[in-house]
Amino acid sequence: AGIAVVVMQAARQTEAELFAVRAGEAVPLTRIIRLPQFLGAEDTVFAVPGGLEQGRALYARIDAGAGEFSSVGFRASTLDHVLAGGTERARMIALAFGALTAMALAALLIWFVLADPVFVLYATLFFLQALYIAYLSGQGFDWPWLSFARPLTSFAWNVPAGLSGAVACLFTREIAELRRFSPRIYTVFGWLAVAFVVITFANVVELLGLGVWVNMLGNLVFIGAALFTLVVAFLAWRRGSTRRTSVATAASSGLPTCTWSRCERRAHPGRRRRPRPRDGSGAGCDRQRRARRRTPAAAHGRDVPARLRRP
């Protein structure tokens, strides 16, 4: 059931032509559609007229393009099954990109109200994550506003990933107020942000064939930063510091936690203890009044009026 097709799995820059032999002549197969895949790969769908038969030979002419030659694979399927899978995948990537972009826009709008730099970092972090998912999945190369990065290939998702790591370090130290509570850890997160920026610009050495080493170094920095953040959050929790443990809660709770903590801090700066009322209000003052009614006036250090004194 359905139209028989052959799906070629290869890199995006790979060009190929498929031929079938009929009556001793090579007949080219019609290319129907290209479906993006992760990490710069692409599925090219070719229609097979007359269906696929066991033992039938197909011939391919492959041009790897300007990039490095990668593995090429072929599989048989039907057009309905391939299109259904591609549509579902494109829908999920679009929803994820839209959700991250909406979070970034919401944080930016809150920044116009509260004017706190942490919301700018939050918006930048989520927008970079949205770009990373769009380009890593390959869907972003087919969208009108993001297709300009098609010649960049792997740089299109490596650069947002590195910059998002730097922004995440800055966001963590700001949301946890490490400058006030732990200046040394605050400085460490700053240097981690610098390391992420250096790794981001170091991706240019991929043109020299050293991209594998840069990727390994970047992965080590990402893992090290994550472990360092977890250790800091755990030690702060052991010491009973709820302010510093917001490093972990901010990452899990998202924008509502960040917004609430900033609004609460503006409403109650410094978390000062509420002073005792002196104007005769409050439960403590009521108890003092009742005690004075039951106690002679002289016990309070006041003079007794002459008309109330006993002879």
Side-chain angles (χ1 to χ4, degrees), residues 2 5 7-13 32-45 73 75 77-113 118-172 175 196 200 215 218-219 222 225-226 229 248-260:
V5 296
V7 181
M8 183 189 72
Q9 302 169 348
R12 176 175 291 271
Q13 70 273 9
I32 300 177
I33 192 174
R34 287 187 172 184
L35 300 175
Q37 298 295 329
F38 282 94
L39 295 175
E42 192 176 56
D43 287 353
T44 307
V45 183
R75 60 184 175 89
S77 183
T78 59
L79 183 61
D80 297 340
H81 183 268
V82 172
L83 293 180
T87 302
E88 183 66 20
R89 181 180 177 279
R91 183 185 300 111
M92 297 302 298
I93 297 300
L95 289 176
F97 179 83
L100 292 173
T101 306
M103 292 290 292
L105 183 60
L108 190 60
L109 292 178
I110 294 175
W111 174 73
F112 285 106
V113 178
V118 72
F119 293 106
V120 178
L121 295 174
Y122 197 89
T124 306
L125 176 61
F126 270 80
F127 182 69
L128 289 174
Q129 289 295 317
L131 292 179
Y132 173 73
I133 291 180
Y135 286 127
L136 182 69
S137 63
Q139 296 290 148
F141 294 111
D142 295 335
W143 293 344
W145 292 98
L146 301 178
S147 59
F148 68 91
R150 186 175 299 175
L152 299 178
T153 60
S154 62
F155 294 102
W157 61 80
N158 284 333
V159 172
L163 294 180
S164 64
V167 176
C169 292
L170 299 179
F171 171 76
T172 300
I175 189 62
F196 278 115
T200 301
N215 293 335
N219 293 334
F222 267 104
T229 304
T249 58
S252 59
S253 301
L255 183 59
T257 300
C258 175
T259 306
W260 175 256

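Since the structure is predicted, the reported quantities are computational estimates derived from the model, not experimental observations.
- Between V82 and S77, the closest heavy-atom pair is CG2-OG, 3.5 Å.
- For S137 against I93, the heavy-atom pair with the smallest separation is OG-CG2, 3.3 Å.
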Working for side-chain contact (heavy atoms from CB on, under 4.5 Å), residues L125 and L170: CA-CA 10 Å; L125 176 61; L170 299 179; over 6 Å; no

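- In this structure, CZ on F171 lies 8.0 Å from CZ on F126, to the nearest 0.5 angstrom.
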Using side-chain contact (heavy atoms from CB on, under 4.5 Å), reason through I33 and L83 one step at a time and then give a plain yes or no. CA-CA 9 Å; I33 192 174; L83 293 180; 4.2 Å; yes

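- Using a 4.5 Å heavy-atom threshold, the side chains of Y122 and V118 count as separate.
- Considering every non-hydrogen atom in both A130 and T101, the closest pair reads CB-OG1, 3.9 Å.
- By the ring pair (Phe, Tyr, Trp, His ring centres under 6.0 Å) test, F97 is found to be paired with W143, residues two or more places apart in sequence or in another chain being considered.
- Looking at Q37 and R89, their side chains come closer than 4.5 Å, going by heavy atoms from C-beta outward.
- Separation of atoms CG (L146) and CZ (F148) is listed at 6.0 Å; rounding is to 0.5 Å.
- Within the structure, every pair that satisfies the salt bridge (charged side-chain N to carboxylate O under 4.0 Å, His left out) test and touches residues 143-154, not counting sequence neighbours, is listed here: D142-R150.
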D43 and R75: CA distance, side-chain angles, deciding distance, side-chain contact (heavy atoms from CB on, under 4.5 Å) verdict: CA-CA 10 Å; D43 287 353; R75 60 184 175 89; 3.7 Å; yes

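- The distance from the CD1 atom of I133 to the CG atom of L128 is 11.5 Å, given to the nearest 0.5 Å.
- Residues P36 and R12 approach most closely at CB-NH2, 3.5 Å, considering heavy atoms.
- Nearest heavy atom pair, residue Q129 against residue S164, reads NE2-OG, 3.1 Å.
- Atom OG1 in T44 sits 8.5 Å away from atom CG in L35 (nearest 0.5 Å).
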Take T78 and V5 through the test side-chain contact (heavy atoms from CB on, under 4.5 Å) and record every step on the way to the result. CA-CA 5 Å; T78 59; V5 296; 5.5 Å; no

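- Taking the side chain as every heavy atom from C-beta outward, F196 and C169 approach each other to under 4.5 Å.
- F141 pairs by the ring pair (Phe, Tyr, Trp, His ring centres under 6.0 Å) definition with Y135, not counting sequence neighbours.
- Two residues are said to be in side-chain contact when any heavy atoms from C-beta on lie closer than 4.5 Å; L39 and L136 meet this criterion.
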